[in-house]
Q: 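Input: one structure, supplied below.
In the text below, chain A, chain B and the rest are named by the order of the sequence lines, each starting its count at 1.
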There are 2 protein chains.
Amino acid sequence: MADKFEQWPADVDFGVLGDLIGYAIRRAQIGIYKDFDASVTRLTPPLFAALVLIDANPGINQSRLGQIMGTNRAAMMALLDRLAAMKLVRRVPSASDKRANELQLTDLGQKRLASASAEVAAHDARIAGNLTAAELKTLRHLLKKF
Amino acid sequence: MADKFEQWPADVDFGVLGDLIGYAIRRAQIGIYKDFDASVTRLTPPLFAALVLIDANPGINQSRLGQIMGTNRAAMMALLDRLAAMKLVRRVPSASDKRANELQLTDLGQKRLASASAEVAAHDARIAGNLTAAELKTLRHLLKKF
DNA sequence: TATTGTTATACTCTATAACTATA
DNA sequence: TATAGTTATAGAGTATAACAATA
C-alpha cells in the first residue's frame, strides 16, 4: 500500500520550492493524478483526454491531436496504438489528404468514454470538494493566464 | 522544432475537459514544464525538487524524501542514483539507524543548486508574468485546498 | 512485525532522428 | 520544400514484488 500523499507536510522545509507558483501547481497535480488513477478504471489521464478530444473533434488527424495535447507525432503514435489495440479508436484514411488519418471513436470507444466520463466527473467533484463555485471560477480564470 | 503549445486553442472543442478543474491544472502544467525544460540546464523538475529538499532537510532519508515528493522508495532510488552519478548527492550511512542513509548535497551539488535556483526563479517569474501579486497570492491559496 | 534500502522488472510518457508517401 | 504517418531508439518517471539487514 502506498503511503498517503500529504499536500504540504508541516514538518518539512520546502526551501525555495515554497516560493514557486510552478511548484504549487505541480504539488496539486500530484494529488490529483493519484486520485484519478484510483477513481478511473483502465484509462490514464492522457488516454482519457485523447478519447474526449477525438469524440468532440471527429476526423481530427494525429499530428493536430498531438499539438493540442502538447506532445508530438511520435508520442501520439504510441498513445493511439494503445487506444487502437483496446478497440476504442479507429484510424480512417482521409479522402482529402492521402497522407493523413482521420480519427474516430469506435462504438466500444463511445461506451468506454461514457462510463469513464462519469468516473472522471465524480473524481473531479471530489478533488474540488473543498472549493466553492466562486473559488473554482476564480481558479479557472487565473490558470488561463499562464 | 516542436510546435509551440497553445494553452486553449479557440478552434478546438475540448468537450467535457473544459469543465474539469483537474484538466485546467494539467493544461497549465504542460506549458510550465515546457518552459522549465527550456530554461533550466541539466536538471528536470523532480531532480531540482530533490536537490532543494535535501538541502533544506539535510540528513533526510530516502523513504521520507519519496513520501514528501509523492513517490515511493523504488522510484526514489532511480532518481537518487542519477543525482549520485552526477556527483550532486551523497548517501551517508546513518549512525542512529543502520538501515538508513542520510542524504546530503556534495559541494558540487550546492553549486549546481545555486545556479539552477537562479534559472528556476527566472523561469517562475516568466510563467507568472501575467499575474499580479494579489492574483498569485489568491492562486496559491486556492491550490492549497486540494 | 515493520521499515530501509535495494534489485529486478515493466509500463507509461516523452523526445529525437530518419524514412515514405503525399501535398 | 513541407507535412502526415511511421519506425527505431532512448531516457525519464513511476509502480509492484521480492529480498536482506535492521528496528
Side-chain angles (χ1 to χ4, degrees), chain A residues 1-5 26 29-38 40 42-51 59-86 89-103, chain B residues 1-5 26 29-38 40 42-51 59-86 89-103:
Chain A
M1 175 93 82
D3 286 305
K4 197 178 175 205
F5 177 64
R26 163 66 182 152
Q29 182 86 129
I30 294 170
I32 292 172
Y33 260 64
K34 286 183 186 292
D35 190 85
F36 188 105
D37 285 340
V40 184
R42 299 193 297 278
L43 289 177
T44 63
L47 255 22
F48 175 74
L51 288 184
I60 190 172
N61 72 31
Q62 304 184 180
S63 294
R64 179 65 180 137
L65 183 58
Q67 278 177 2
I68 294 168
M69 291 183 62
T71 182
N72 65 12
R73 288 169 299 158
M76 208 63 228
M77 277 296 297
L79 197 153
L80 289 170
D81 283 349
R82 276 194 296 143
L83 288 175
M86 290 185 242
V89 163
R90 199 167 30 222
R91 289 168 160 117
V92 180
S94 167
S96 59
D97 184 341
K98 290 186 177 174
R99 298 170 303 181
N101 288 331
E102 296 184 355
L103 299 171
Chain B
M1 177 91 80
D3 287 305
K4 197 178 176 203
F5 176 64
R26 163 67 182 152
Q29 182 85 135
I30 294 170
I32 291 171
Y33 261 63
K34 286 183 185 293
D35 190 84
F36 187 105
D37 285 339
V40 183
R42 299 193 298 277
L43 288 177
T44 62
L47 255 21
F48 175 72
L51 288 184
I60 190 172
N61 73 31
Q62 303 184 184
S63 294
R64 179 63 181 142
L65 182 59
Q67 277 178 1
I68 295 168
M69 291 183 62
T71 182
N72 65 15
R73 287 169 300 157
M76 209 61 229
M77 277 294 299
L79 197 154
L80 288 169
D81 283 349
R82 275 195 296 141
L83 287 175
M86 290 185 243
V89 163
R90 198 166 31 220
R91 289 167 161 118
V92 180
S94 166
S96 59
D97 184 340
K98 290 187 177 175
R99 298 170 303 181
N101 288 330
E102 297 184 355
L103 299 172

Q: For M77(A) and Q62(A), what are the C-alpha separation, side-chain angles and deciding distance, and is it a side-chain contact (heavy atoms from CB on, under 4.5 Å)?
A: CA-CA 8 Å; M77(A) 277 296 297; Q62(A) 304 184 180; 3.2 Å; yes
Q: Answer yes or no: does a side-chain N or O of Q62(A) lie under 4.0 Å from OP1 or OP2 of dT6(D)?
A: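 True: Q62(A) side-chain N/O within range (under 4.0 Å) of dT6(D) OP1/OP2.
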Q: Would you indicate, yes or no, if dT3(C) has its OP1 or OP2 atom less than 4.0 angstrom from a side-chain nitrogen or oxygen of N61(B)?
A: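 Negative; the distance criterion is not met.
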Q: Could you tell me how far apart Q67(A) (CD) and dT14(C) (C1') are, to the nearest whole angstrom?
A: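 Distance check: Q67(A) CD to dT14(C) C1' gives 16 Å.
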Q: Could you give the distance from CG (L80(A)) to CG (N101(A)), rounded to the nearest 0.5 Å?
A: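 Reported to 0.5 Å precision, the distance equals 9.0 Å.
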Q: Which whole-number value in Å describes the distance from F36(A) CZ to dT14(D) P?
A: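 Atom-to-atom, F36(A) to dT14(D), this comes out as 17 Å.
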Q: Can you sort out the partners of R90(B) under side chain to side chain contact (heavy atoms under 4.5 Å, CB included), two or more places apart, ordered by chain and number?
A: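 Only V92(B), Q104(B), T106(B) meet the side chain to side chain contact (heavy atoms under 4.5 Å, CB included) criterion with R90(B).
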Q: Using a 4.0 Å heavy-atom cut-off across all strands, classify R26(A) as base, sugar-phosphate, or nothing.
A: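 Sugar-phosphate, no base atom in range.
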Q: Please determine, for the side chain of S63(B), which listed nucleotide (dT6(D), dA15(D), dT4(C)) has the closest atom?
A: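 Of all the options, the side chain of S63(B) is nearest to dT4(C).
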Q: To the nearest Å, give me how far apart CZ (R64(A)) and C1' (dG5(D)) are.
A: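 Between C1' of dG5(D) and CZ of R64(A): 17 Å.
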Q: OP1 or OP2 of dT6(D) sitting under 4.0 Å from any side-chain N/O of R91(A)?
A: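 Answer yes for this pair, as a side-chain N or O of R91(A) is under 4.0 Å from OP1 or OP2.
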Q: When we call it a touch if two heavy atoms are under 4.0 Å apart, what does N101(A) touch: a base, just sugar-phosphate, or nothing?
A: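 Since only primed, P, OP1 and OP2 atoms lie under 4.0 Å of N101(A), the category is sugar-phosphate.
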Q: The side chain of A100(B) lies closest to which of these nucleotides: dT4(C), dT16(C), dT6(D)?
A: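 Among dT4(C), dT16(C), dT6(D), the one nearest the side chain of A100(B) is dT4(C).
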Q: Would you mind reading off the distance between M77(A) atom CE and dT9(D) atom P, rounded to a whole angstrom?
A: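 Rounding to the nearest Å, CE of M77(A) and P of dT9(D) are 15 Å apart.
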Q: Between dG5(D), dG5(C), dT7(C), which one does the side chain of A74(B) approach most closely?
A: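 My answer, after comparing the listed nucleotides, is dT7(C).
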Q: I need a per-nucleotide contact map over nucleotides 18-23 of chain D, read 5' to 3'. Cutoff is protein heavy atoms under 4.0 Å; write B for the base, S for backbone only, - otherwise.
A: ---BBS
Q: Is V40(B) close to F48(B) at the side-chain level, that is, under 4.5 Å between some pair of heavy atoms?
A: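 No; the side chains remain at least 4.5 Å from each other.
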Q: Between L79(B) (CG) and dG11(D) (P), how many Å, whole number?
A: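 Roughly 16 Å, once rounded to whole Å.
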Q: Would you kindly give the CG-to-P distance between L80(B) and dT7(C), to the nearest whole Å?
A: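 From L80(B) CG to dT7(C) P: 12 Å.
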Q: Just one of I68(A), L103(A), T71(A) clears the side chain to side chain contact (heavy atoms under 4.5 Å, CB included) bar with M76(A), so which one?
A: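 Among I68(A), L103(A), T71(A), the one meeting side chain to side chain contact (heavy atoms under 4.5 Å, CB included) with M76(A) is T71(A).
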Q: Where is the tightest heavy-atom contact between M69(B) and L79(B), given as atom of each residue plus distance?
A: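 Scanning both residues completely, I find the closest heavy atoms to be CE-CD1, 4.3 Å.
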Q: Using OP1 and OP2 only, check whether a side-chain N or O of T71(A) sits under 4.0 Å from dA15(C).
A: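 Answer is yes, contact under 4.0 Å.
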Q: Using ring pair (Phe, Tyr, Trp, His ring centres under 6.0 Å) as the criterion, list what pairs up with Y33(A), not counting sequence neighbours.
A: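 Counting only residues at least two positions away or on another chain, Y33(A) forms no ring pair (Phe, Tyr, Trp, His ring centres under 6.0 Å).
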Q: In whole Å, I'd like the distance from the CD atom of E102(B) to the P atom of dG5(C).
A: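 Value for this atom pair: 10 Å.
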Q: Nearest-Å distance, CE (M76(B)) to P (dT4(C))?
A: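 Atom-to-atom, M76(B) to dT4(C), this comes out as 14 Å.
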